[in-house]
Amino acid sequence: MILNVGITPPYMHDGTLDTLWDVMDHYNKGGEPNPFLDGGMEPLALTEKEIDQIVAFMFALTDDRFANENRQQMEAQRAKARKSRPFRDQQMANRQKLAFEDRIKK
């Protein structure tokens, strides 16, 4: 369920993603390579505009009773995303490199 998701950071089961932009970057590149990653997980190749539109949609799913908190959280997350996007990897999202390439270069 994604109702009120904008006001419930951090995200993911372990709280590692601070913003909804981080969540979108994670899924856009096809997740983090690991032995348990679902084989059906694929890069999405979303543009920055499309990511912004999906994040705006997720924030729009917040109950009106939380409108002030939602607005504050969206502004705070947007500001944080403008400074840092640690999970963003456009090359992986667009299949210009494969997930294992970073591991073998080390």
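Judged purely by distance below 3.5 Å, without hydrogens or angles, the side chains of Gln77 and Gln73 pair a donor atom with an acceptor atom.
Here the side chain of Asn70 pairs no donor or acceptor atom with the backbone of Asp63 at under 3.5 angstrom. Under the 3.5 Å distance criterion, the side-chain polar atoms of Glu50 are matched with a main-chain donor or acceptor of Thr47. Side-chain atoms of Asn94 come within 3.5 Å of backbone N or O of Gln90 as a donor-acceptor pair.
Pro10 and Asp18 make their closest contact through CB-OD1, 4.4 Å (heavy atoms, listed as atom of the first residue, atom of the second, distance). Heavy atoms only, all atoms of each residue included: Pro43 and Ala93 are closest at CB-O, 3.4 Å. Met92 and Lys29 get closest at one heavy-atom pair: CE-O, 3.7 Å.
Between Lys80 and Asp22 there is no salt bridge, since none of the side-chain N atoms of the basic residue sits less than 4.0 Å from a carboxylate O of the acidic one.
The side-chain contact (heavy atoms from CB on, under 4.5 Å) search around Asp64 returns none, not counting sequence neighbours. Partners of Glu48 according to the salt bridge (Lys or Arg N to Asp or Glu O under 4.0 Å) rule, which considers only residues two or more places apart in sequence or in another chain, are Arg85, Arg88.
Here the straight-line distance linking atom CZ of Arg82 with atom OG1 of Thr19 works out to 12.0 Å at 0.5 Å rounding. Atom CD of residue Gln72 and atom CD1 of residue Ile7 lie 11.0 Å apart, to the nearest 0.5 angstrom.
With a 4.5 Å cut-off on side-chain heavy atoms, Glu42 and Arg95 count as touching.
Other members of the hydrophobic cluster containing Leu46, listed by chain and number, are Ile2, Val5, Tyr11, Met12, Leu17, Leu20, Trp21, Val23, Met24, Tyr27, Leu37, Met41, Leu44, Ile51, Ile54, Val55, Phe57, Met58, Phe59, Leu61, Met74, Phe87; membership follows side-chain contacts under 4.5 Å among ILVMFWY residues, whether direct or relayed.
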